[in-house]
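Single-structure report; data block below.
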Amino acid sequence: MTRDNARIGPTIGWSQVTPRADYLNRRQIMAGALGLGLAGLAGPAAAKLDYVPSKFSTDETPNTLEEITSYNNFYEFGTGKSDPMNYSGQFQPEPWTVEIGGLVDKPGTWGLDDVLKGITLEERIYRLRCVEAWSMVIPWIGFPLSALLEKAGPQPGARYVAFETVVRPEEMPGQRARFLDWPYREGLRMDEAMHPLTILATGLYGEELPNQNGAPLRLVVPWKYGFKGIKSIVKITLVADEPPATWKMLQSNEYGFYANVNPKVDHPRWSQATERRIGAGLFGGRQETQMFNGYGDQVADLYKGMDLAKFY
Ligand SMILES: Nc1nc2c(c(=O)[nH]1)N[C@H]1C(S)=C(S)[C@@H](COP(=O)(O)O)O[C@H]1N2
Ligand SMILES: [Mo]
């Protein structure tokens, strides 16, 4: 089935067709087998979201919900790929507030409802390329970060945006160890933050974000390595100077601030020329990595003065 076939109506996207449906059926079968009946369907039911399709979506086939929710990086829950799935069950993404401050006209602590007021959610099917050289295609539900920044009223001196993840060691077992210097922090230059491809995601596959994917609110910047996509955001600060970023602080020769996907600049310990598409099979899974993860037509202008053969 093509994307166009899936766009039956204005609010019908790929995710309402397959493979989400297959997965739900399996969950129902499992619930039935456990004698729970329909009422007991698979634990806490994720709320369905209303959203519209987007011209920015790729027509590549999305990874399955199982792949997207069982192979994760979210060190707050442990460093193993299945740790976030296995150890995020206690995490409480509701209620949620985000503190917006720094160089803005309307600083304050915003409930998620205030953040979403007047905003139309969109389905954005994006490629995600992790710096570890694996990739997926994920049908995010979200909205442009620019819409929130405009609500807060950026002041002229704001040149960067800084983000922080929540710190809750009681709910996040990984934070009881010092893998990283918590909170996880990331940042964008203002023009990157305002770019129409840059979104805050509140869901995927048509439902609220699973905890392991950064509930209830996470950043997605599809032309950058996945580590820029900070999860479970509680603080957004507009600032004048480049803010601290977790991986850069840890190892600045391996993880840059810009971290644009670039097949020509290898990681010091591995090649970035190719990537393993999760779910594509043991032998068929490697493909060439694209400059800016294939989003160069939209974003290359942001980096006009930069030498694409260099590490940033
Ligand atoms: N707070 C926080 N955000 C994070 C991470 C993390 O460990 N902690 N890992 C990053 C990395 S390395 C990647 S590749 C993506 C993975 O997102 P996904 O698990 O939803 O696919 O989240 C990013 N955001
Ligand atoms: Mo990553």
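As the structure is a computational prediction, the values presented were derived from the model and not from experiment. For ligands, and for the atoms within them, numbers begin at 1 and follow the listed sequence.
At the top of the distance list for atom 9 (N) of ligand 1, counting protein heavy atoms only, stands Asn73 O, 3.2 Å. Closest to atom 7 (O) of ligand 1 among all protein heavy atoms lies Tyr75 N, 2.8 Å. The protein heavy-atom contact nearest to atom 18 (P) of ligand 1 is Lys231 NZ, 3.4 Å. Considering only non-hydrogen protein atoms, atom 24 (N) of ligand 1 sits nearest to Gly229 O, 2.9 Å. When only non-hydrogen protein atoms are considered, atom 15 (C) of ligand 1 lies nearest to Gly226 O, 3.6 Å.
Interface atoms of ligand 1 facing Cys130, defined by a heavy-atom separation under 4.0 Å, are 14 (S). Using a 4.0 Å cut-off to heavy atoms of Asn213, the atoms of ligand 1 that qualify are 18 (P), 20 (O).
Judged by distance alone, the side chain of Lys231 and the main-chain N or O of Ala215 form no donor-acceptor pair under 3.5 Å. At least one donor-acceptor pair under 3.5 Å links the side chain of Asn86 to the backbone N or O of Ser82.
Looking at Glu76 against ligand 1, only its side chain comes within 4.0 Å, counting heavy atoms. Under 4.0 Å from ligand 1, the heavy atoms of Thr165 that appear belong solely to its side chain. At a 4.0 Å heavy-atom cut-off, ligand 1 touches Tyr184 through the side chain alone.
Using a 30° and 60° split on the angle between ring planes, Trp182 and Phe179 fall in the perpendicular class, above 60°. Using a 30° and 60° split on the angle between ring planes, Phe77 and Phe74 fall in the perpendicular class, above 60°.
Ranked by closest heavy atom to atom 20 (O) of ligand 1, the top entry among Met136, Lys81, Arg218 is Arg218.
The N/O atoms of Asn72, backbone and side chain alike, include one that comes under 3.5 Å of an N/O atom in ligand 1.
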Handout entry: Evaluation steps, side-chain hydrogen bond (donor to acceptor under 3.5 Å, both in side chains), between Trp223 and Asn293
Key = CA-CA 5 Å; Trp223 71 91; Asn293 202 22; over 6 Å; no
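For the pair Arg127 and Tyr295, the cation sits on the ring face: its NZ or CZ lies under 6.0 Å from the ring centre, inside 45° of the axis. For Lys248 and Tyr255, the positive end is not near the middle of the six-membered ring at less than 6.0 Å and at most 45° from its axis.
Annotation: Lys81, atom NZ; neighbour count of heavy atoms from other residues, nucleotides and ligands within 6.0 Å is above 12.
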